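None of these values were measured; they are calculated from a predicted model. Numbers restart at 1 for each chain; the letters A, B, ... are given by sequence-line order, proteins then strands. Computation of the quantities below employed the complete heavy-atom set of this structure, encompassing side-chain atoms and omitting hydrogens, waters and symmetry-equivalent molecules.
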Protein chains: 2
Amino acid sequence: MVVSMETALDIDRVFAALADATRRDIVLRAIAGEEGIAEIANRYPMSFAAVQKHVAVLERAGLVSKQRNGRRKVVRTDVEGLRAAQRLLERYEHLWRGRIDRMTHLVTNSKETDE
Amino acid sequence: MVVSMETALDIDRVFAALADATRRDIVLRAIAGEEGIAEIANRYPMSFAAVQKHVAVLERAGLVSKQRNGRRKVVRTDVEGLRAAQRLLERYEHLWRGRIDRMTHLVTNSKETDE
DNA sequence: GGGTCATACAACCTTATGGTTGTATCAATG
DNA sequence: CATTGATACAACCATAAGGTTGTATGACCC
């Protein structure tokens, strides 16, 4: 049922999923949460099955989920995976800024005191 | 000097680069900006050449840069690529919140996604 | 139940990716 | 300038990824 169990720890899958332009676009479209796979597939110059595979990749990465609605399955973007990736990038950037801080310290003060 | 030329548009490469655990780890280590490739390579259970390739992938993605220092080349994390990816994720999340807004408008009951 | 719309999945092909080893370049040093 | 240390790059191999077509399941409509 609810797919959000081990979600956030499959960082590999999240980034790999986002590494494809078609999939990123699907994530954007699926934000509306109104289209079935066929409708999504119609927008891309590839087969239905190909798009289906892309959606499957996104689903495994926890970036979208599918919900039955009549004979269709509506694809909907799941915010949790996005946040996980985002937090990771923020962490990287934070550490990097820390490094700049330290370097600036050395240049201007010539001493190594951690504030 | 400044290496940021076409930076932010290689989103595919940025995400693909970050989709590998070894490479993410290298990005973290390279934040210190003090190790050469050989030193980095020593930390991983794979050949020097393999690590070298990983660094090359990160470099092509604009996530790290190499700087000569004597006979070594020091690997240093570049913040620009990280920011680009982060901004993209933020944009996704923002749009998703917009969707929540719209859904809140339709506080009727459980089904019907069409309006 | 038969037809049809929407999705799932298997088999297959081609190219990319992650790893290996081996060889070449390049900079410091004796 | 020969040697050594550090990096670059080519050739190769195994597996994964992105695409195709074809077939099977599932849900609705008559």
Side-chain angles (χ1 to χ4, degrees), chain A residues 1 3 10-27 29-30 32-77, chain B residues 3 10-27 29-30 32-77 110-114:
Chain A
M1 336 172 29
V3 207
D10 302 79
I11 307 292
D12 278 44
R13 273 176 215 155
V14 172
F15 283 129
L18 291 173
D20 184 279
T22 302
R23 284 197 293 263
R24 286 196 302 277
D25 198 68
I26 292 176
V27 167
R29 296 199 176 283
E34 291 170 356
E35 293 184 319
I37 300 180
E39 288 152 295
I40 294 175
N42 269 334
R43 306 181 178 270
Y44 303 101
M46 65 186 73
S47 70
F48 173 83
V51 173
Q52 203 175 7
K53 274 188 179 182
H54 281 309
V55 172
V57 168
L58 290 169
E59 195 175 19
R60 262 178 259 126
L63 288 170
V64 306
S65 60
K66 285 181 283 188
Q67 188 186 0
R68 260 243 122 81
N69 183 347
R71 57 177 74 175
R72 298 185 321 158
K73 277 198 177 170
V74 174
V75 180
R76 192 185 56 168
T77 297
Chain B
V3 205
D10 303 80
I11 306 291
D12 278 44
R13 274 175 213 153
V14 172
F15 282 129
L18 291 173
D20 184 279
T22 301
R23 285 195 292 262
R24 287 196 303 276
D25 198 67
I26 291 176
V27 167
R29 294 200 178 282
E34 292 170 354
E35 294 183 318
I37 300 181
E39 288 152 296
I40 294 176
N42 270 334
R43 305 180 180 270
Y44 303 101
M46 66 186 73
S47 70
F48 173 82
V51 172
Q52 202 177 8
K53 274 189 178 182
H54 282 307
V55 172
V57 169
L58 290 169
E59 195 175 20
R60 262 179 260 125
L63 287 171
V64 306
S65 60
K66 285 181 284 188
Q67 189 186 359
R68 259 243 122 80
N69 183 348
R71 56 176 73 174
R72 298 186 321 155
K73 278 198 178 170
V74 174
V75 180
R76 192 185 54 166
T77 298
S110 47
K111 32 190 248 173
E112 282 311 302
T113 48
D114 252 348

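- Between Ile40(A) atom CD1 and dA6(C) atom P there is a gap of 13 Å when expressed in whole angstrom units.
- Two residues are said to be in side-chain contact when any heavy atoms from C-beta on lie closer than 4.5 Å; Leu18(B) and Leu63(B) meet this criterion.
- Judged purely by atom type and a 3.5 angstrom limit, Arg23(A) uses its side chain to pair as donor or acceptor with the backbone of Ala16(A).
- Here dT7(C) presents its P atom at 15 Å from CG of Leu58(A), a figure rounded to the nearest Å.
- The shortest distance between the side-chain N/O atoms of Arg23(B) and the OP1/OP2 oxygens of dG18(C) is below 4.0 Å.
- The side chain of Arg72(B) lies closest to dT7(D), out of dT7(D), dA11(C), dT4(D).
- Contact check for Met46(B) versus Thr22(B): side-chain heavy atoms found under the 4.5 Å cut-off.
- When each of Arg68(A) and Ala16(A) is assigned the nucleotide of DNA chain D with its nearest heavy atom, Ala16(A) is the one assigned upstream, toward the 5' end.
- One atom, CD of Gln52(B), and another, C1' of dA10(D), lie 12 Å apart when rounded to the nearest Å.
- Across the protein-nucleic acid pair, Ile37(A) atom CD1 and dA8(C) atom C1' stand 9 Å apart, rounded to whole Å.
- Side-chain N/O atoms of Ser47(A) include one lying less than 4.0 angstrom from OP1 or OP2 on dT20(D).
- With dT7(C), dA27(D), dA28(C) as the choices, the nucleotide that has an atom nearest any side-chain atom of Arg71(B) turns out to be dA28(C).
- When the C1' atom of dT17(C) is taken as reference, atom NE2 of His54(B) falls 10 Å away, rounded to whole Å.
- Rounding to whole angstrom units, NZ of residue Lys66(A) and P of dC9(C) are separated by 7 Å.
- At the heavy-atom level, Ala49(B) lies under 4.0 Å from base atoms of the strands shown.
- Put simply, Lys73(A) has a side-chain N or O that comes within less than 4.0 Å of OP1 or OP2 on dA8(C).
- One atom, CG of Asp12(B), and another, P of dT17(C), lie 10 Å apart when rounded to the nearest Å.
- A donor-acceptor pair under 3.5 Å is absent between the side-chain atoms of Arg76(A) and the main chain of Ser65(A), judged by distance alone.
- Counting any heavy atom pair closer than 4.0 Å across all strands shown, Ala38(B) reaches sugar-phosphate atoms only and no base atom.
- In terms of modelled atom types and a separation under 3.5 Å, the side chain of Arg68(A) and the main chain of Gly70(A) share a donor-acceptor contact.
- In this structure, CE of Met46(A) is placed 7 Å from P of dT20(D), rounded to the nearest angstrom.
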